[in-house]
Amino acid sequence: MIRSLCSARQSCPINAFDASALAASRSSKEGRSQSRPAAHRRIGVASLSGILYIVFSLLLSSCGDEGRETGLSDKELALEAPDGHAVELSWDDLIPADWQPEALMEEYDADNLHDEDPRAQELMDKLKALWAEAPVVEALDKRQVRLPGFVVPLEIDTDSISEFLLVPYFGACIHVPPPPANQTILVTTPADQPYVGALFDTVWVEGRMRVEPFSDELGDAGYRIEAAEVSLYEEL
């Protein structure tokens with residue numbers, strides 16, 4: 001089961017995210033030559049189950065019993081972190097409170113649909129439209145932020161990574177379809193400080209958030225962090 005990183009805030013600590021995803025990430029790093037895909041590209045055709053994986057990943061991102069959190073409040077977004085420190089975000093914070101793809105899942109009773117059901121294709125079309133129109137949180141623009149995620153390099157044939165997509169769950173853009181744009185961040189490092197690592201490494205990223213769209217064959221990003229500081233994720 002594809003799992004999102006848990007909320008880094010409030011009652012669910014970041015080190016509670018799915019252990020299997022972290023183990024897979026570490027295994028990938030230890031065996032890079034064996035684990036790299038032959039073609040580094042976005043999955044072209046997604047089944048209903050693939051789309052459901054992504055939606056359920058979004059729902060699981062807060063780990064709690066009450067489902068997805070609504071992210072930072074307007075009041076919290078208006079506050080600057082003390083002493084210029086970065087605001088630690090969860091992936092929920094990147095989703096506007098009124099954007100709720102789970103409502104569409106409930107409307108179609110997605111748990112009981114299968115790929116051959118005509119309504120399944122109708123649901124997939126509507127979900128794809130939702131993904132394409134995924135809104136961002138404008139208040140995050142120019143904020144100094146910090147959050148964890150998985151690395152999807154734009155170029156796979158190098159260990160020196162200066163540009164990558166940061167995504168909330170293991171396998172995104174390669175093994176399963178990409179997340180919506182409001183759950184994808186384009187990360188660039190300083191020219192002389194590339195991140196040395198591999199596909200699906202689990203990292204912390206810190207830097208100035210910009211609300212700017214980016215499109216690539218691997219996926220679309222609604223945010224970017226430039227001149228980012230990137231470090232391997234460490235359990236607290």
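When all heavy atoms are compared, the tightest approach of Pro153 to Leu199 is CD-CD1, 3.6 Å. Pro179 and Val167 make their closest contact through CG-CG1, 4.1 Å (heavy atoms, listed as atom of the first residue, atom of the second, distance). Between Pro96 and Val136 the shortest heavy-atom distance is CG-O, 3.6 Å. Of all non-hydrogen atoms in Val205 and Ala228, the two that sit nearest each other are CG1-CB, 3.9 Å. Across all non-hydrogen atoms, the minimal contact from Tyr169 to Pro178 is OH-C, 3.6 Å. Across Pro148 and Tyr233, no two heavy atoms sit closer than the pair CB-CD1, 4.2 Å.
In this structure the side chain of Ile185 reaches within 4.5 angstrom of the side chain of Trp91, judged on heavy atoms. Counting only heavy atoms from C-beta outward, the side chains of Ser162 and Thr188 never approach each other to under 4.5 Å. Contact check for Val87 versus Met209: no side-chain heavy atoms found under the 4.5 Å cut-off. Under the 4.5 Å side-chain criterion, counting only non-hydrogen atoms from C-beta, Tyr195 is not in contact with Val187.
Judged by distance alone, with hydrogens and angles left aside, the side-chain atoms of Asn182 form no donor-acceptor pair with the main-chain N or O of Leu94 at under 3.5 Å. Using a distance-only test at 3.5 Å, with no hydrogens or angles considered, no donor-acceptor pair links the side chain of Glu163 to the main chain of Leu154. Judged purely by atom type and a 3.5 angstrom limit, Arg146 has no side-chain atom pairing as donor or acceptor with the backbone of Glu88.
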Between Trp99 and Leu130, is the side chain to side chain contact (heavy atoms under 4.5 Å, CB included) condition met? List the steps. CA-CA 9 Å; Trp99 192 74; Leu130 271 180; 3.8 Å; yes
Show, in sequence, the C-alpha distance, side-chain angles and deciding distance for Leu104 and Leu123, and conclude whether the side chain to side chain contact (heavy atoms under 4.5 Å, CB included) test is met. CA-CA 8 Å; Leu104 188 60; Leu123 171 58; 3.8 Å; yes
Decide yes or no on side chain to side chain contact (heavy atoms under 4.5 Å, CB included) for Asp141 and Arg210, but give the supporting numbers first. CA-CA 5 Å; Asp141 192 46; Arg210 298 308 305 265; 3.1 Å; yes
Audit row: Val145, Asp93, side chain to side chain contact (heavy atoms under 4.5 Å, CB included) steps and yes/no: CA-CA 11 Å; Val145 302; Asp93 297 327; over 6 Å; no
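In terms of the side-chain contact (heavy atoms from CB on, under 4.5 Å) criterion, residue partners of Gln121 (sequence neighbours excluded) are, by chain and number, Met124, Asp125. Legend: residues meeting side-chain contact (heavy atoms from CB on, under 4.5 Å) with Pro190, ordered by chain and number and at least two apart, are Asp192, Gln193, Ala227. With sequence neighbours left out, the side-chain hydrogen bond (donor to acceptor under 3.5 Å, both in side chains) criterion links Glu116 to His114.
Summarising the geometry, atom CD1 belonging to Ile161 is positioned 9.0 Å from atom OG1 belonging to Thr189; distances are rounded to the nearest 0.5 Å. Atom CD of residue Glu206 and atom NE2 of residue His85 lie 8.5 Å apart, to the nearest 0.5 angstrom. Note that the CE atom of Met105 and the CG atom of Leu127 stand 6.0 Å from one another [nearest 0.5 Å]. How far CG of Leu186 is from OH of Tyr223: 14.0 Å, rounded to the nearest 0.5 Å. A distance of 6.5 Å separates CG of Leu165 from OG1 of Thr184, quoted to the nearest 0.5 Å. Going from atom CG of Leu147 over to atom CG of Asp92 covers 11.5 Å, rounded to the nearest 0.5 Å.
Between Phe150 and Phe170, the two ring planes are perpendicular [angle over 60°; tilted spans 30° to 60°].
No hydrogens or angles considered: a donor-acceptor pair under 3.5 Å links the side chains of Tyr108 and Glu122.
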